[in-house]
Amino acid sequence: MDRGALPLAVALLLAGCSLSPTSLAETVHCDLQPVDPERGKVTYTTSQVSKGCVAQAPNAILEVHVLFLEFPRDLSQLELTLQASKQNGTQPREVLLVLSVNSNVFLQLQALGIPLHLAYNPNLVTFQEPPGVNTTELPSFPKTQILEWAAERGPIASAAELDDPQSVLLRLGQDETEARGLAEGHLAAQGSLSFCMLEASQDMGRTLEWRPRIPALVRGCRLEGVAGHKEAHILRVLPGHSAGPRTVTVKVELSCASGDPDAVLILQGPPYVSWLIDANHNMQIWTTGEYSFKIFPEKNIRGFKLPDTPQGLLGEARMLNASVVASFVELPLASVVSLHAPSCGEHPPPAPPFPSSPLDQWPHCWHPVTIRLACLCFPTGGRLQTSPAPIQTTPPKDTCSPELLMSLIQTKCANDAMTLVLKKELVAHLKCTIMGLTLWDPSCQAEDRGDQFVLHSAYSSCGMEVTANMISNEVVVNILSSSSPQRKKVHCLNMDSLSFQLGLYLSPHFLQASNTIEPGQQSFVQVRVSPSIPEFLLQLDSCHLDLGPEGGTMELIQGRAAKGNCVSLLSPSPEGNPRFSFLLHFYTVPIPKTGTLSCTIALRPKTGSQDQEVRRTVFTRLNVISPDLSGCTSKGLVLPAVLGITFGAFLIGALLTAALWYIYSHTRSPGKREPVVAVAAPASSESSSTNHSIGSTQSTPCSTSSMA
């Protein structure tokens with residue numbers, strides 16, 4: 001057979017024909033009922049979200065994405081993958097991902113080669129592995145305030161609400177053409193896409209795809225009045241808001257040890273949907289639009305016009321002599337659909353070998369011309385497999401995850417003792433059976449305290465490893481489903497041996513600390529802990545400058561993010577010490593002479609565990625010298641001096657004008673026209689009102705948060 005005839009041969013082998021009408025006159029009796037998951041399971045990946053938006057931000061320095069994730073259980077697992085688009089060899093721009101969750105989540109994050117900043121709640125999100133990205137603690141805000149908080153840091157490229165996702169794929173760096181393509185249909189009706197505003201029932205296009213944790217509802221029934229064991233699998237994809245071309249990949253896995261099943265696959269969807277079929281068995285194919293096979297994806301085969309109602313599709317199954325509808329599924333517009341059916345019906349008796357006559361070779365078709373134009377048939381012999389031989393499979397069941405279980409052990413240190421706590425409720429959710437829970441010394445076993453297991457030991461017992469700065473041990477958990485015990489290193493910091501310093505510097509070289517601050521000049525701040533602890537990461541949570549009742553309070557760092565454009569986060573020192581700079585300008589009367597710089601810092605384990613964090617607040621007293629009354633002002637700052645000068649100039653000008661008008665009106669002769677006298681305000685008044693006008697954009701090159 002030549003290569004040109006091969007795709008047609010594949011179609012002849014894989015597709016079935018039907019010469020009957022495409023609709024039934026009589027009612028099809030088939031009562032669809034939910035199918036046992038052991039008999040059929042359908043999972044899918046979709047870009048449809050309950051609420052979402054995609055916007056264009058081609059020139060933004062920081063690309064911002066926001067995910068609101070709702071989980072119905074106390075503990076969930078999530079695979080989150082970030083994928084950067086190709087940018088002609090250039091480095092991908094920085095990305096801020098804001099992750100808002102409503103319950104405890106065990107996160108498996110993949111963001112290779114992406115300069116990622118992650119904002120999340122560390123009390124709810126636990127990483128399977130250290131994320132290796134810059135992290136920021138997300139404030140406890142409602143959804144609207146979270147969007148505002150994210151928009152302050154850069155234009156929002158996408159935002160979405162997802163209900164119980166199992167995995168999420170977020171594609172970054174969409175160029176303007178891609179973003180415009182995603183805006184077709186309903187999104188295009190919004191007009192400008194430069195601003196991301198959550199809208200109900202959105203299609204995120206290629207920007208975001210996700211897989212729900214709960215599989216699709218699979219229903220089935222027996223078609224009355226049809227003999228035999230032929231089964232039908234019907235997949236109906238519902239129209240989405242986007243009407244652009246879409247390819248749906250359909251993976252079909254039927255487990256039939258005796259050979260190919262006698263089955264038909266019916267795929268119905270909107271006109272703009274085409275199908276890419278990947279099946280491990282030969283079967284009849286009946287689709288709308290166009291379809292192709294994974295082994296020959298470039299060969300498109302035209303489908304048929306099918307009914308767009310469940311009753312009509314059941315009629316199609318009956319017309320194709322199916323006696324059982326093994327699976328009937330309706331899905332939102334999806335990109336990938338996987339059908340697993342662990343059992344299938346019996347096969348009909350084998351057909352006789354090929355007859356010698358070309359006309360007799362197709363006994364159930366019409367004239368040979370009709371074979372090419374009206375129907376595609378397959379002989380029963382010489383079938384071509386579309387993928388490797390079938391493998392008997394069983395749908396995976398929920399089993400205990402040792403990695404997730406170990407991440408739920410909370411460590412607390414106080415009064416020269418270490419305490420480890422594991423809540424029974426979370427263990428039950430993971431379906432884990434714990435046979436033993438001890439420290440490195442097996443004689444130190446956990447106590448059962450009703451709703452939790454507790455391990456408690458003083459620093460001087462149970463095999464504690466004590467150094468100058470840290471106390472370490474190992475927790476050992478024996479699980480019924482694991483042949484070997486699970487082990488996890490746990491630590492307590494010796495706070496008495498640690499010293500925290502907060503220093504202000506007048507140059508970016510950080511050579512010599514200073515206790516003076518001069519408005520109008522850049523100030524540089526660094527915090528450090530000594531001695532350094534390699535297992536822990538030092539981070540800045542918040543900082544503010546208190547200038548007393550005269551100057552109020554200036555927020556510098558909040559939620560590990562800079563407040564206002566007068567504050568800049570700097571790269572850490574070679575030792576990992578956090579750094580930032582700020583510019584202070586103010587107008588107050590009386591001028592403050594001193595101030596207090598305070599910062600809340602945290603030592604966080606590099607393993608990603610949040611329960612071993614240590615927080616401290618450090619401060620330093622500063623002297624304020626020679627305030628500069630030119631430059632930028634802090635938004636919301638009290639300006640009594642400016643107001644006094646401006647009001648005084650206005651009052652003097654008004655009084656002078658009134659006096660001159662009184663003299664003029666009482667000295668001129670009646671009926672005599674006098675020359676007009678122009679009265680100008682004093683030069684000093686004009687200068688004051690011009691140079692110190694409130695709200696002048698020339699005097700506010702940068703701003704910070706408001707002062708109290």
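Of the possible polar contacts, none joining the Glu38 side chain to the Asp36 backbone as a donor-acceptor pair under 3.5 Å is found. Judged by distance alone, with hydrogens and angles left aside, the side-chain atoms of Ser103 form a donor-acceptor pair with the main-chain N or O of Arg73 at under 3.5 Å.
Residue Phe304 holds its CZ atom at 11.0 Å from OG1 of Thr288, rounded to the nearest 0.5 Å. Taken to the nearest 0.5 Å, the CD1 atom of Ile285 stands 5.0 Å off from the CG atom of Leu265. The structure places CG of Leu62 at 6.0 Å from NE2 of His117, a figure rounded to the nearest 0.5 Å.
A donor-acceptor contact closer than 3.5 angstrom links the side chains of Trp286 and Glu316. A donor-acceptor contact under 3.5 angstrom links the side chains of Asp203 and Ser47, judged on distance only. Judged purely by distance below 3.5 Å, without hydrogens or angles, the side chains of Ser407 and Glu403 never pair a donor atom with an acceptor atom. Using modelled atom types, one finds a donor on one side chain and an acceptor on the other under 3.5 Å when comparing His65 with Glu63.
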request  = Might you work through the side-chain contact (heavy atoms from CB on, under 4.5 Å) test for Leu124 and Val105, ending with a clear yes or no?
outcome  = CA-CA 6 Å; Leu124 295 178; Val105 177; over 6 Å; no

Pair Arg213-Asp164, salt bridge (Lys or Arg N to Asp or Glu O under 4.0 Å): steps then yes or no = CA-CA 6 Å; Arg213 187 175 308 277; Asp164 199 15; 3.2 Å; yes

task = Could you walk me through whether Ser167 and Arg211 pass side chain to side chain donor-acceptor pair (under 3.5 Å), step by step?
result = CA-CA 5 Å; Ser167 65; Arg211 184 169 74 249; 3.2 Å; yes

request  = Please test Leu198 against Glu161 for side-chain contact (heavy atoms from CB on, under 4.5 Å), starting from the C-alpha separation and ending with a verdict.
outcome  = CA-CA 9 Å; Leu198 289 176; Glu161 292 185 10; 3.9 Å; yes

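Taking the side chain as every heavy atom from C-beta outward, Lys294 and Lys251 never approach each other to under 4.5 Å.
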Per-pair distances, 0.1 Å, donor-acceptor, side chain in residues 327-337, under 3.5 Å, sequence neighbours excluded:
| from | atom 1 | to | atom 2 | distance (Å) |
| --- | --- | --- | --- | --- |
| Ser327 | OG | His233 | ND1 | 2.8 |
| Glu330 | OE2 | Arg236 | NH1 | 2.6 |
| Ser335 | OG | Thr45 | O | 3.2 |

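A cation-pi arrangement, defined by a distance under 6.0 Å to the six-membered ring centre and an angle within 45 degrees of its axis, is present between Lys143 and Phe68.
A pairwise comparison of heavy atoms in Gly228 and Ser323 identifies O-OG, 3.0 Å as the closest pair.
Each of Leu80, Leu67, Val49, Leu69 was scored for a side chain to side chain contact (heavy atoms under 4.5 Å, CB included) with Pro165, with one residue passing: Leu69.
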